[in-house]
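Computed from a prediction, not measured in an experiment: that's the story for all the values here. Residue numbers count from 1 along this sequence.
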Amino acid sequence: MIAAAIEYVLRESGFDSFDVASSSFAAIVSAANRCPDLITADVELAVGNGIEAIRIICQQLSVPVIIITGRAAAEVRRHVADYPVLSKPFSEETLTYAVAASIGR
């Protein structure tokens, strides 16, 4: 459901294609196959985690990233200080603002 909400906000922001990955490996493969314009990454994935995937992806590609988490945001920011971190639950407005700020970097 969270992926659907994120997709809705991104469509409203002008994005028109999406890949959803439930593992860090799938995210890495997806980014390698089609360079994304933006990555929204949940910290907790079915296998692996979003932080691990982002570190690998962003070694090869320069892509804006928004981290989404149910963990304490301060804890996550210590590991990914370069990216905005949204805590669950988040509003559409907050995600829209984070998208605009990330794309503008």
After noting the C-alpha distance and the side-chain angles of Asp37 and Val63, does the key distance pass the side chain to side chain contact (heavy atoms under 4.5 Å, CB included) rule? CA-CA 6 Å; Asp37 293 325; Val63 180; over 6 Å; no
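- Tyr97 and Val9 fall into different hydrophobic clusters, where Ile, Leu, Val, Met, Phe, Trp and Tyr are joined by side-chain heavy atoms under 4.5 Å apart, directly or via other members.
- For the pair Pro36/Leu61, a side-chain contact is recorded, criterion being any heavy-atom separation below 4.5 Å from C-beta on.
- Heavy-atom minimum distance, Gly48 versus Ser24: CA-OG, 3.7 Å.
- For the pair Asp42 (side chain) and Leu45 (backbone), a donor-acceptor distance under 3.5 Å is absent.
- In this structure, the separation between OG on Ser13 and CD1 on Ile6 is 12.0 Å, given to the nearest 0.5 Å.
- Here the CD1 atom belonging to Ile28 is positioned 12.0 Å from the CZ atom belonging to Arg55, to the nearest 0.5 angstrom.
- By the criterion of side-chain heavy atoms lying less than 4.5 angstrom apart, applied directly or through intervening Ile, Leu, Val, Met, Phe, Trp or Tyr residues, Val20 is not grouped with Ile68; the two fall into different hydrophobic clusters.
- Within the 4.5 Å cutoff, the side chain of Leu38 has heavy atoms near those of the Ile103 side chain.
- Judged by distance alone, with hydrogens and angles left aside, the side-chain atoms of Thr96 form a donor-acceptor pair with the main-chain N or O of Glu92 at under 3.5 Å.
- Residues Phe25 and Ile51 fall into different hydrophobic clusters, defined by Ile, Leu, Val, Met, Phe, Trp and Tyr side chains chained together at heavy-atom separations under 4.5 Å.
- Here the straight-line distance linking atom OH of Tyr83 with atom CD1 of Ile66 works out to 12.0 Å at 0.5 Å rounding.
- Atoms CG and CD, on Asp16 and Glu7 in that order, are 10.5 Å from each other to the nearest 0.5 Å.
- Interatomic distance, Thr40 OG1 to Ile2 CD1, rounded to the nearest 0.5 Å: 10.5 Å.
- Residue Cys58 holds its SG atom at 5.0 Å from CD1 of Ile39, rounded to the nearest 0.5 Å.
- Without hydrogens or angle criteria, Ser102 side chain to Ala98 main chain gives a donor-acceptor distance under 3.5 Å.
- Just one of Leu86, Asn49, Val85 meets the side-chain contact (heavy atoms from CB on, under 4.5 Å) condition when paired with Thr69; it is Val85.
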